[in-house]
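What you see is a predicted model; the values in this text were computed from it and never measured. By convention here, the first residue in the shown sequence is residue 1.
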Amino acid sequence: MSTPIAFLKGHGTENDFVIIPDPDNAIDLPPAAVAALCDRRAGLGGDGLLHVVRSAAHPEAKAMAAEAEWFMDYRNGDGSIAEMCGNGVRVFARYLQRAGHVTEGDLAVATRGGVKTVHIDKDGDVTVGMGKARLPEGDVTVSVGGHSWPARNVNMGNPHAVAFVDDLAHAGDLYSAPRYRPASAYPDGVNVEFVVDRGPAHVAMRVHERGSGETRSCGTGACAVAVAAARRDGTDPAETGTPATYTVDVPGGTLVITERPDGEIEMTGPAVIVAEGVIDAHWLENAAS
């Protein structure tokens, strides 16, 4: 491969991504290449990579092509594959708008976590229908250093352990993954959120994302936190019949999460494209080898 490869860089509440437009799924992106692109010193830098492919051109998304033209082939910063990324979906939609594939209003995006509904607001924010949370049964505990906390097991298409703590500093540096038990609760690893209260229906969080370390934001994590907080606070919408809306502060900004009585969750927040350019194809080929 000798043709330069186009890329863009974007972020949603400072959860940042390398974006590779590839409508026909013609670019080979093995884990080593993705990790090299996401490297903050030797590559472009990012918490993850958004591979933009038409659903009909990707074997994992063909079945969703009738519902969603575009597939978000999301990769973690270490090159591993992930089911979903809430901030990534918003940035993905912003790219589609910038490229002229969509306009303001509603669209559908295929992901490994299913088809997500997206609304691009006139004010610049993007709202994503995140689907329903699953709450697997069983006690979970997470630990950092000498601290341990009970955690709520919440699945948003990807797994989360939500722990309410007295001080976010107790989470440590979050460079390495917090310990958890039982191991059987998360056979493929887990995203761990540490949460403190800021006010009524207002919380702040830090997160360790599996495959990426601590990130400035995690959209599915913010949804998991809102769900866990609503259950803790006795405001489960399925029981009250009233939507529950939480403001979730992340290190990179603020997200607004609403869970409706039918269980559907919406996330609203910013999405920004900051740069675009080309990748040297020989460098990428060497990085992948």
Side-chain angles (χ1 to χ4, degrees), residues 12-13 15 64 72 74 76 82-90 108-119 126-142 149-165 178 180 182 184-197 201-210 215 217-250 254-269:
T13 50
N15 194 187
M64 295 180 277
M72 184 181 77
Y74 181 69
N76 292 316
E83 302 90 339
M84 242 294 286
C85 175
N87 288 318
V89 174
R90 297 202 319 280
V109 174
T111 77
R112 291 185 178 86
V115 175
K116 305 301 177 184
T117 57
V118 180
H119 181 82
V126 179
T127 298
V128 180
M130 300 292 287
K132 299 179 180 180
R134 290 190 294 107
L135 300 171
E137 296 183 357
D139 295 331
V140 175
T141 301
V142 298
W149 305 269
R152 189 76 188 238
N153 189 347
V154 182
N155 192 292
M156 287 298 308
N158 56 0
H160 295 269
V162 180
F164 292 92
V165 300
Y180 60 88
S184 59
Y186 303 108
D188 298 315
V190 63
N191 306 290
V192 183
E193 287 79 29
F194 298 89
V195 188
V196 296
D197 289 298
H202 186 182
V203 296
M205 61 174 267
R206 290 176 62 198
V207 58
H208 175 94
E209 290 194 63
R210 57 177 180 166
T215 60
S217 180
C218 176
T220 55
C223 293
V225 164
V227 168
R231 303 307 184 273
R232 180 201 63 172
D233 297 341
T235 57
D236 180 352
E239 296 180 0
T240 66
T242 302
T245 296
Y246 280 78
T247 298
V248 182
D249 294 337
V250 296
T254 297
L255 296 167
V256 177
I257 313 298
T258 297
E259 183 181 10
R260 305 195 180 283
D262 64 359
E264 292 292 332
I265 298 169
E266 292 183 343
M267 174 184 63
T268 299

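- Annotation: the span from Met64 atom CE to Arg112 atom CZ amounts to 8.5 Å, rounded to 0.5 Å.
- In this structure, the side chains of Asn153 and Leu135 stay at 4.5 Å or more apart for every pair of heavy atoms.
- Atom SG in Cys218 sits 10.0 Å away from atom CE in Met156 (nearest 0.5 Å).
- Side-chain contact check for Val190 versus Pro178: every heavy-atom pair is 4.5 Å or farther apart.
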Decide side-chain contact (heavy atoms from CB on, under 4.5 Å) for Val165 and Val195; before the verdict, give the C-alpha distance in whole Å, the side-chain angles of both, and the deciding distance to 0.1 Å.
CA-CA 6 Å; Val165 300; Val195 188; 5.9 Å; no
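- With respect to the salt-bridge test (charged N to carboxylate O, under 4.0 angstrom), the residues Arg260 and Glu266 qualify.
- Note that OH of Tyr246 and CG of Leu255 are 16.0 Å apart. Values are rounded to the nearest 0.5 Å.
- Within the 4.5 Å cutoff, the side chain of Asp197 has heavy atoms near those of the Arg232 side chain.
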Might you work through the side chain to side chain donor-acceptor pair (under 3.5 Å) test for Asn158 and Tyr74, ending with a clear yes or no?
CA-CA 12 Å; Asn158 56 0; Tyr74 181 69; over 6 Å; no
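- We find that Arg210 and Glu83 are joined by a salt bridge, their nearest charged nitrogen and carboxylate oxygen being less than 4.0 Å apart.
- A side-chain hydrogen bond (donor to acceptor under 3.5 Å, both in side chains) with Thr268 holds for exactly one of Thr258, Thr127, Thr254; it is Thr127.
- Interatomic distance, CG of Asn191 versus CG of Asn76, reported as 8.0 Å (0.5 Å rounding).
- Looking at Glu209, His208, His160, Arg206 one by one, the single match for side chain to side chain contact (heavy atoms under 4.5 Å, CB included) with Glu193 turns out to be His160.
- The CZ atom of Phe194 lies 12.5 Å from the CZ atom of Phe164; values are rounded to the nearest 0.5 Å.
- Here the CD1 atom belonging to Ile265 is positioned 4.5 Å from the CD atom belonging to Glu259, to the nearest 0.5 angstrom.
- Of the charged side-chain nitrogens involved, none lies within less than 4.0 Å of a carboxylate oxygen, so that Asp139 and Arg152 do not count as a salt-bridged pair.
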Take Met84 and Val89 through the test side-chain contact (heavy atoms from CB on, under 4.5 Å) and record every step on the way to the result.
CA-CA 8 Å; Met84 242 294 286; Val89 174; 3.7 Å; yes
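- The side-chain heavy atoms of Met267 and Val248, taken from C-beta on, include no pair separated by under 4.5 Å.
- Val225 places a side-chain heavy atom less than 4.5 Å from the side chain of Val203.
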